[in-house]
Amino acid sequence: MISIEGLSKTFKANKKNITAVDGMTLDIKEGEIFGVIGYSGAGKSTFVRLLNRLEEPTGGRIVIDDQEITALNSKQLRLARQEMGMIFQHFNLLWSRTVKDNIAFPLEIAGFPKMEREARVQELIDLVGLSGRENAYPSQLSGGQKQRVGIARALANNPKVLLCDEATSALDPETTNSILDLLVDINQKLGLTIILITHEMHVIRKICNQVAVMEQGKIVEQGDVLDVFLQPKQQVTKKFVEQIMGTNEDDSVALLIDTYDEGKIVQLHFLGETTNQALISHVARKFAIDINILQGKITQTQRGAYGTLFVQLSGDDREIENAVNFIHNETSVEVEVIRDAN
Amino acid sequence: MQTDIFANIDLQDLLEATYETFYMTILALIGTGVFGVMLGLLLYLTMKDGIWQNKYINLIVAAIVNVFRAIPFIILIFLLFPFTDFLIGTIRGPNAALPALIIGSAPFYGRLVEIALKEVDKGVVEAAKSMGAKTRTIIFRVLLPESMPALVSGLTVTVIALIGYTAMAGIIGAGGLGNYAYYFGFQRRDWDVLLICTIVIVIIVFIFQFIGDFITNKLDKR
């Protein structure tokens with residue numbers, strides 16, 4: 001769907017060249033939610049602007065849906081842009097227009113007649129959940145509502161691709177979640193490819209299928225979100241994963257072993273698990289053992305639960321052994337014995 | 001001997017002078033608005049990182065604007081006599097004042113327009129570009145509507161200067177309240193005429209200020 005080869009952008013500032021994007025190559029599949037994460041200054045904002053040539057690339061190729069974006073002249077580029085939606089950190093709505101007229105703006109640009117515009121705008125307002133606010137001005141809306149207008153506006157021309165430039169960074173956590181839910185909803189309903197850049201791992205975890213980690217204009221790590229969560233390779237990626245999972249405290253495991261001196265302590269790894277959510281109660285019912293949850297963190301990704309749980313199993317040794325074997329053989333949860341029963 | 005304090009005032013003359021002042025102000029205002037917006041847009045679009053970035057055009061337009069703003073208005077009128085004569089066919093009367101009034105105030109308004117356009121959020125322009133808007137669309141659907149309150153309040157400031165200019169033009173034969181005040185008030189030492197002209201001009205200024213403020217507030221949805 002989208003293929004990017006050797007994409008580069010160099011800025012000239014004070015006679016010095018600053019390379020913001022440095023030879024990026026990646027492929028994005030149709031219908032995917034592709035996240036790009038990096039700290040500020042990593043070049044991710046420049047990257048997303050290169051995709052619709054709001055910034056002109058200094059090198060490389062961008063092909064979207066068999067159309068070579070980097071080869072278009074300015075008229076063709078304008079038409080191509082009409083098939084790409086973009087939402088922004090600061091919403092960038094026209095304050096002089098109502099919600100309705102803001103959403104109608106891209107349709108005016110594309111030259112739709114008034115009647116068609118009105119019908120389409122109403123559809124979009126319903127889609128993003130802003131019914132009743134059609135005639136409000138942006139200044140009368142909350143941040144989350146403004147971003148909903150931004151999303152409706154970006155979707156007006158039925159784009160194939162939605163570019164999100166830090167779309168939730170100016171919003172509070174609760175509003176961020178509702179906007180992310182809306183993006184997932186749109187992705188599923190319309191089969192739209194979404195490319196979003198962010199500095200919050202939470203956003204990647206919650207909605208992305210694929211993630212690329214950027215540092216100094218380059219992709220340093222890329223892959224399935226769950227894989228990157230499980231095995232972060234680069235230092236920067238590990239830091240981002242820690243944002244969600246907390247640090248992996250080795251000393252706290254030692255503390256657990258000291259404190260709970262009875263029974264067997266095991267660590268359960270949930271790896272994109274959706275079918276065994278009720279694992280603990282299931283095991284407790286099936287085997288005559290007590291399960292005590294000691295410590296852990298489970299988080300939800302687009303491919304299910306991911307995280308670890310430390311539990312203490314106490315009771316008959318044979319039963320404990322059976323329970324561990326059951327989890328190991330019958331479920332996709334990984335078991336690691338931290339300490340055998342004394 | 002009359003005791004009436006406004007003994008020397010001929011109501012017919014006063015009304016005619018007021019009408020001429022309004023006539024000159026409103027026509028010059030329209031011209032100033034059109035040319036000022038054009039100059040302001042040109043300055044804004046050709047500036048660094050602008051849509052039509054062009055150092056030379058920007059420099060030339062800025063130079064013209066600065067030169068015409070530097071010339072005192074009364075001297076500008078004299079300088080423009082040949083041009084006015086060519087354009088209007090006379091150098092007397094309200095119509096003959098229009099070229100000087102417009103050329104005198106359009107550069108000033110042009111600068112105010114440029115400032116107003118620079119205040120438009122760059123993100124909004126970028127959003128319009130990302131939707132595939134033409135430059136024309138960006139100018140007429142984004143830049144001008146988004147800066148409209150500032151454009152109107154700038155025009156209000158300009159029109160007050162314009163009313164002052166019409167009075168000056170009046171002294172050298174353009175008609176209007178300036179003309180009436182000078183010939184019938186000052187030269188005949190009929191101070192009541194001078195006073196009434198002042199009062200009428202102040203009222204006209206207040207009317208334009210009130211209308212300008214009202215429209216600015218109505219337009220501003222921020």
Side-chain angles (χ1 to χ4, degrees), chain A residues 11 45 48-49 51-56 72 74-99 101-111 135-141 149-150 153-157 159 161-166 170, chain B residues 33 37 40-41 44-55 112-113 115-155 212-222:
Chain A
F11 290 104
S45 217
V48 79
R49 282 175 161 64
L51 293 181
N52 57 4
R53 282 173 59 192
L54 283 177
E55 298 282 0
E56 282 298 329
L72 301 179
S74 65
K75 183 161 181 253
Q76 292 166 327
L77 177 63
R78 271 197 291 103
L79 294 176
R81 278 175 178 169
Q82 291 176 7
E83 297 187 342
M84 288 189 246
M86 189 167 190
I87 58 175
F88 303 87
Q89 180 175 5
H90 297 296
F91 326 123
N92 295 351
L93 304 178
L94 284 87
W95 61 257
S96 58
R97 287 175 172 236
T98 58
V99 166
D101 293 344
N102 261 293
I103 300 172
F105 189 39
L107 299 170
E108 286 171 29
I109 291 172
N135 294 312
Y137 283 92
S139 62
Q140 298 164 319
L141 302 177
V149 178
R153 181 176 73 173
L155 295 177
N157 273 327
V161 186
L162 180 65
L163 307 173
C164 308
D165 183 10
E166 298 270 7
Chain B
V37 167
L41 273 173
Y44 174 82
L45 293 171
T46 57
M47 73 177 181
K48 192 168 176 292
D49 297 324
I51 297 173
W52 294 338
Q53 180 174 342
N54 188 317
K55 208 161 71 184
L112 296 183
V113 171
I115 293 169
L117 293 173
K118 279 183 176 167
E119 291 292 308
V120 175
D121 185 359
K122 287 192 179 56
V124 180
V125 177
E126 191 170 60
K129 281 189 199 166
S130 81
M131 295 172 215
K134 293 179 190 142
T135 304
R136 182 158 44 101
T137 312
I138 293 175
I139 293 172
F140 290 103
R141 304 274 174 98
V142 180
L143 289 172
L144 294 181
E146 290 283 297
S147 60
M148 200 47 89
L151 294 182
V152 173
S153 63
L155 202 57
D213 288 349
F214 180 78
I215 296 173
T216 303
N217 285 331
K218 262 271 178 277
L219 288 172
D220 204 340
K221 307 289 185 192
R222 276 171 290 196

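A:Trp95 and B:Lys221 make their closest contact through CZ3-N, 3.4 Å (heavy atoms, listed as atom of the first residue, atom of the second, distance). Taking each heavy atom of B:Ala127 and A:Arg153 in turn, the nearest pair found is CB-NH2, 3.5 Å.
When each of B:Val142, B:Val120, B:Asp121 is checked for heavy-atom pairs under 4.5 Å with chain A, B:Val142 comes out on top. Ranked by heavy-atom pairs under 4.5 Å with chain A, the list B:Arg141, B:Met148, B:Glu146 is led by B:Glu146. When A:Arg53, A:His90, A:Glu108 are compared by the number of non-hydrogen pairs under 4.5 Å with chain B, A:Glu108 comes out ahead.
Distance check: B:Lys129 NZ to A:Arg49 CZ gives 10.5 Å after rounding to the nearest 0.5 Å. Atoms CE and CD, from B:Met131 and A:Gln82 in turn, are 10.5 Å apart once rounded to the nearest 0.5 Å. For the atom pair CG (A:Leu51) and OG (B:Ser130), the distance works out to 12.5 Å, reported to the nearest 0.5 Å.
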So A:Met86 and B:Glu126, side-chain contact (heavy atoms from CB on, under 4.5 Å) or not? Walk me through it.
-> CA-CA 10 Å; A:Met86 189 167 190; B:Glu126 191 170 60; 5.9 Å; no
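The contact between B:Lys134 and chain A is made by backbone and side chain atoms together, counting heavy-atom distances below 4.5 Å. Heavy atoms of A:Leu93 lying under 4.5 Å from chain B belong exclusively to its backbone.
In this structure, the side chain of A:Asn92 engages the main chain of B:Gly123 through a donor-acceptor pair within 3.5 Å.
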